[in-house]
Amino acid sequence: MKFLHNPPRFLFFTGKGGVGKTSVACASALSLARAGRKVLLVSTDPASNIGQVFGLAVGNTVTAIPDVPGLSALEIDPEQAAEAYRERILAPVRGVLPESELAGVAESLSGSCTTEVSSFDEFTSLLGDDAAYPEYGHIIFDTAPTGHTIRLLQLPGSWTDFLATGAGEPSCLGPLSGLDKHKEVYARAVRALADPLRTRLVLVTRAQPSSLKEVERTYLELNQIGIRGGYLVVNGVLPDAAGDEELAKALRAREAAAMAAIPGVVAELPRDVLELKPGNMVGIPALESLVDPASGADDGEGPSSAIDIEDAPLAALVDGIESDRHGLVMCMGKGGVGKTTVAAAIAVALAKRGHAVHLTTTDPAAHLAETLHGSVAGLTVSRIDPAAAIQEYRAHVMDTKGRSLDDEGRAALAEDLMSPCTDEVAVFRQFSRVVQESRRHFVVMDTAPTGHTLLLLDATGSYHREISRQVGNSLGFVTPLMRLQDPVGTKVILVTLAETTPVLEAKELKADLERAGIHPWAWVINNSIAAAHPRSPFLRARAAHEADQITKVRAIADRVALIPLLPEEPIGEAKLTALTAFTSERV
């Protein structure tokens, strides 16, 4: 593998959600450890599943991987990191500050801004502190889906710039109060990220147009913050063993066309191609087979007995949604499972039935325009654009809260609004507006990947308090949490794949949502090979591995829809309409 040849100390695996970053990162860490290296595998993904891959609990402490000498793992868990960060700031002032002031500081540390800052604080300690984990020759980062990764990698520069200005009273003063002493650590982290002798970027993708476009965008954005060079890994390419049936031939044609059109900016990078395996990438033998086919791991076709998949059309879900005549539909789940496709198909179906529909996204890596491939009568499409939201929010605060301030006060307020935490506040305001629209017509929301979504839902309470403190009641701001908890007004659809890790993560998301009083209305299992009824032994082996996951979903879901893996990508009005017009066997 080119990307593992003579690696530097730090390796970053990034790319569009669902392309297999975790599998490739875990397999790479395993390969280096087998070669006698001392390796620390770190996840910065709020929905990390390193532990699931290796079959053990990892969490926010360094954990040795059994049976792999030299390999340890660490998951930067947002909640654990935030709690440790809060305690680090609050402990020195307990017994010093009055309880009322202590409660105020604690409240300022309760929002999702603190969660992001605390995760970032741990992340940069690995890059910017030479004394951190000196026993490891390599530190491998399994990063979050692209939007989160870009945000995380931009933070070192953002915080370094923000702290250098000596900002007075930032809106996130609580979260920032413990950062100033670490300025030099952050500066070193920025230098480490930009140094190819210390950091290697590995762009993981699939042989799909959307994934390759995302790789190009990621690469260009990383270039802008000083990270250049890198390697390209095309994962999950259909092997010859998949046979010559029509589905396999169509999938190979799709992959070949995508590979022939790799964007020029990444086409010149050193490239590795990893084949799709018949089983799931869980356990050490499976991981070894991914980057080292000669490892001796069992790469057989596995079970291929008859698979009985009950018909479960997406059209049935659309019927249930339509019966309420308006409302919010939120498609949620792990990045890369097809939320954009499912959201677009539902929105198009409702619009074609004569309803006014607003299709929007909170996903920074979304591809709604490419999926729709044109306009649809009755359908309005939008994207919650962070840049536009931030600009609007800053202008609003300056026009309201800043109106009565003198020049010095306005300058201080403007400086306050340059805080990176302002970005999340601004995006949340637009999210809230969209939620309110669903009282009048249908709003279908393609949400960000799981970690982002949970932070956004957590913000429904904490950011309302923050915005109220900043601008008073002038916004007429209404917290949408109760709206999200209303099973009539809001229908949450969990989108997943019939694979072990996506189903486990969707189950974890379901539990998190229910703790917030939000019960998922339905599940959609997307790109199911089993629902496509394949004939070749290889594809039937893949389908057989899916059957158990489909059964697990049906056991916990109120409603389930199955979307088969299709010979052609469902792009454009006609193909999206077909997803909700037929049963799974006729698509």
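Remember, it's a predicted structure, so these values are computed and weren't measured experimentally. The figures that follow rest on heavy atoms only: side chains count, while hydrogens, waters and symmetry mates do not.
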Could you point out which residue of V234, N235, V266 forms a side-chain contact (heavy atoms from CB on, under 4.5 Å) with T205?
V234
Determine yes or no for a side-chain-to-main-chain donor-acceptor pair under 3.5 angstrom, with [X] supplying the side chain and [Y] the backbone.
X: R254; Y: Q208; answer: no
X: E245; Y: R535; answer: yes
X: T361; Y: R383; answer: no

Side chains of [X] and [Y]: does their closest heavy-atom pair fall under 4.5 Å?
X: I563; Y: L579; value: yes
X: E505; Y: L509; value: no
X: L565; Y: L539; value: no
X: P487; Y: H519; value: no
X: F12; Y: L222; value: no
X: F442; Y: I346; value: no
X: E508; Y: Q52; value: yes
X: W523; Y: K507; value: yes

Working for side chain to side chain contact (heavy atoms under 4.5 Å, CB included), residues V337 and N526
CA-CA 7 Å; V337 297; N526 191 32; 5.8 Å; no
Of all heavy-atom pairs between [X] and [Y], which one has the smallest distance, and what is that distance?
X: T447; Y: C331; value: OG1-O, 2.8 Å
X: T360; Y: S382; value: OG1-OG, 2.9 Å
X: I50; Y: S43; value: CD1-CB, 3.5 Å
X: P567; Y: A250; value: CB-CB, 3.6 Å
X: E322; Y: H355; value: OE2-NE2, 2.9 Å
X: L350; Y: I321; value: CD1-CG2, 4.0 Å

Starting at [atom1] of [X], measure out to [atom2] of [Y] and round the result to the nearest 0.5 Å.
X: E499; Y: I550; atom1: CD; atom2: CD1; answer: 11.0 Å
X: H358; Y: E437; atom1: NE2; atom2: CD; answer: 5.5 Å
X: L328; Y: T490; atom1: CG; atom2: OG1; answer: 4.5 Å
X: L203; Y: L232; atom1: CG; atom2: CG; answer: 6.5 Å
X: K491; Y: S438; atom1: NZ; atom2: OG; answer: 10.5 Å
X: T496; Y: K339; atom1: OG1; atom2: NZ; answer: 10.0 Å

Identify whether the distance between the nearest side-chain nitrogen and carboxylate oxygen of [X] and [Y] falls below 4.0 Å.
X: R353; Y: D319; answer: yes
X: K249; Y: E246; answer: yes
X: E255; Y: R252; answer: no
X: E214; Y: R206; answer: no
X: R542; Y: E546; answer: no

Report, as yes or no, whether the 6.0 Å neighbourhood of atom [atom1] on [X] holds more than 12 heavy atoms from other residues, nucleotides or ligands.
X: E514; atom1: CD; value: yes
X: K510; atom1: NZ; value: yes
X: E568; atom1: CD; value: no

Can a donor-acceptor pair be found between the side chains of T371 and T341 at a distance below 3.5 Å?
no
Walk me through it: do E370 and K213 pass the test side chain to side chain contact (heavy atoms under 4.5 Å, CB included)?
CA-CA 11 Å; E370 292 92 332; K213 287 179 182 178; 4.0 Å; yes
Taking it one step at a time, do W521 and I493 satisfy side chain to side chain contact (heavy atoms under 4.5 Å, CB included)?
CA-CA 6 Å; W521 181 74; I493 297 176; 4.2 Å; yes
For the pair L359 and V376, evaluate side chain to side chain contact (heavy atoms under 4.5 Å, CB included) and give the outcome as yes or no after the intermediate values.
CA-CA 11 Å; L359 173 62; V376 178; over 6 Å; no
Which residues pass the side-chain hydrogen bond (donor to acceptor under 3.5 Å, both in side chains) test with K352, sequence neighbours left out?
E573
